[in-house]
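Here's the structure, in structure tokens; my notes come after.
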Amino acid sequence: AQSVSQHNHHVILSEAASLELGCNYSYGGTVNLFWYVQYPGQHLQLLLKYFSGDPLVKGIKGFEAEFIKSKFSFNLRKPSVQWSDTAEYFCAVRGSGTYKYIFGTGTRLKVLA
Amino acid sequence: AAGVIQSPRHLIKEKRETATLKCYPIPRHDTVYWYQQGPGQDPQFLISFYEKMQSDKGSIPDRFSAQQFSDYHSELNMSSLELGDSALYFCASSLAPDGYEQYFGPGTRLTVT
């Protein structure tokens, strides 16, 4: 069955701390991978995406993610978080040739000023 | 830049009533997706349309139906509403179904009382 696992449901960090959010997926085929952020009361916004090529992708607001095919992982990282990064982060997978996203359960990040 | 537009933004209905949610994709986008996000949950894919034809179907109840019109806007029709239908309903659009990321609208918050 296709699924996405986000291991950290709640993360609390102080400003300037480094961030890594885990994402593992289960899918038998080529995938496209995404990270979306949802600020309180707002809609999902694309942070970054991986379709092919360099497995290290850089997104907006200083975020990056690395696709490790052998580990079926697409972890999100940021070297130094800010208070404004407080939000919920969703990892999503789409199988090549399909239309729908499968979302992980999300990680709520709280950054303390 | 133009974004995905959803209307209404908030909707309150009673049990057994019907509701119609509307989605206007980003100009030139021909693919529309509907997702349901329950409180504290990840978005669940409902249905998608490409060039006015249903392209994929997820966990959409039989009480719900949707279509995409000639101008590419889409409507989600929900009948015999139940309390459990209370959720945030997101619409997303993309330039094409494959190879492009989805852009999400602000959502319609449906409350069934």
Side-chain angles (χ1 to χ4, degrees), chain A residues 1-10 21 23-25 27 29-53 57-60 63 65 74 87-109, chain B residues 1 3-7 9-10 21 23-26 29-51 53-60 66 68 74 87-109:
Chain A
Q2 304 159 12
S3 65
V4 178
S5 297
Q6 291 183 241
H7 316 296
N8 319 99
H9 298 294
H10 292 88
L21 302 182
C23 173
N24 287 88
Y25 67 92
Y27 188 86
T30 305
V31 294
N32 303 142
L33 298 156
F34 309 85
W35 274 97
Y36 281 83
V37 61
Q38 188 174 31
Y39 297 103
Q42 296 191 24
H43 61 286
L44 293 159
Q45 299 175 38
L46 181 68
L47 270 181
L48 47 77
K49 62 188 179 186
Y50 173 80
F51 283 83
S52 63
V57 293
K58 295 191 182 299
I60 60 171
F63 287 91
F74 190 56
E88 187 156 17
Y89 293 80
F90 290 95
C91 179
V93 167
R94 180 178 64 196
S96 181
T98 68
Y99 301 94
K100 63 183 180 184
Y101 281 8
I102 299 170
F103 282 90
T105 50
T107 297
R108 286 185 186 272
L109 171 66
Chain B
V4 177
I5 297 172
Q6 290 187 247
S7 68
R9 295 292 308 278
H10 301 272
L21 310 186
C23 170
Y24 298 86
I26 292 171
H29 283 196
D30 56 16
T31 310
V32 169
Y33 314 78
W34 286 97
Y35 292 84
Q36 178 192 57
Q37 186 178 27
Q41 298 184 7
D42 53 298
Q44 293 290 318
F45 173 75
L46 293 177
I47 196 167
S48 65
F49 293 87
Y50 168 56
E51 283 291 344
M53 300 286 289
Q54 181 182 308
S55 52
D56 206 349
K57 194 172 181 180
S59 50
I60 183 170
Q68 186 180 32
S74 178
L88 193 56
Y89 290 84
F90 286 110
C91 172
S93 73
S94 68
L95 193 55
D98 200 12
Y100 296 91
E101 64 271 25
Q102 297 176 19
Y103 292 84
F104 284 79
T108 294
R109 185 168 294 283

So, do A/Y89 and A/F63 have ring centers that fall under 6.0 Å from each other?
yes
Bottom line for A/K49: the part with an atom under 4.5 Å from chain B's heavy atoms is side chain
If one checks every heavy atom of A/Y101 against chain B at 4.5 Å, the contacting part turns out to be both
When the 4.5 angstrom heavy-atom criterion is applied to A/L46 and chain B, the contacting part is side chain
In this structure, NE2 of A/H43 is separated from OH of A/Y36 (nearest 0.5 Å) by 10.5 Å
Ranked by heavy-atom pairs below 4.5 Å to chain A, first place among B/S48, B/G58, B/A92, B/G105 goes to B/G105
Going by distance alone, is a donor N or O of one side chain under 3.5 Å from an acceptor N or O of the other, for B/S94 and A/Y99?
no
Whatever's closer than 4.5 Å to a heavy atom in chain A on B/Q37 counts as side chain
Does CZ in A/F103 sit with more than 12 non-hydrogen atoms of other residues, nucleotides or ligands closer than 6.0 Å? yes
key: Pair A/F34 and A/F51, ring centroids less than 6.0 Å apart   = yes
So, the part of A/Q45 with a heavy atom under 4.5 Å from chain B: the answer is neither
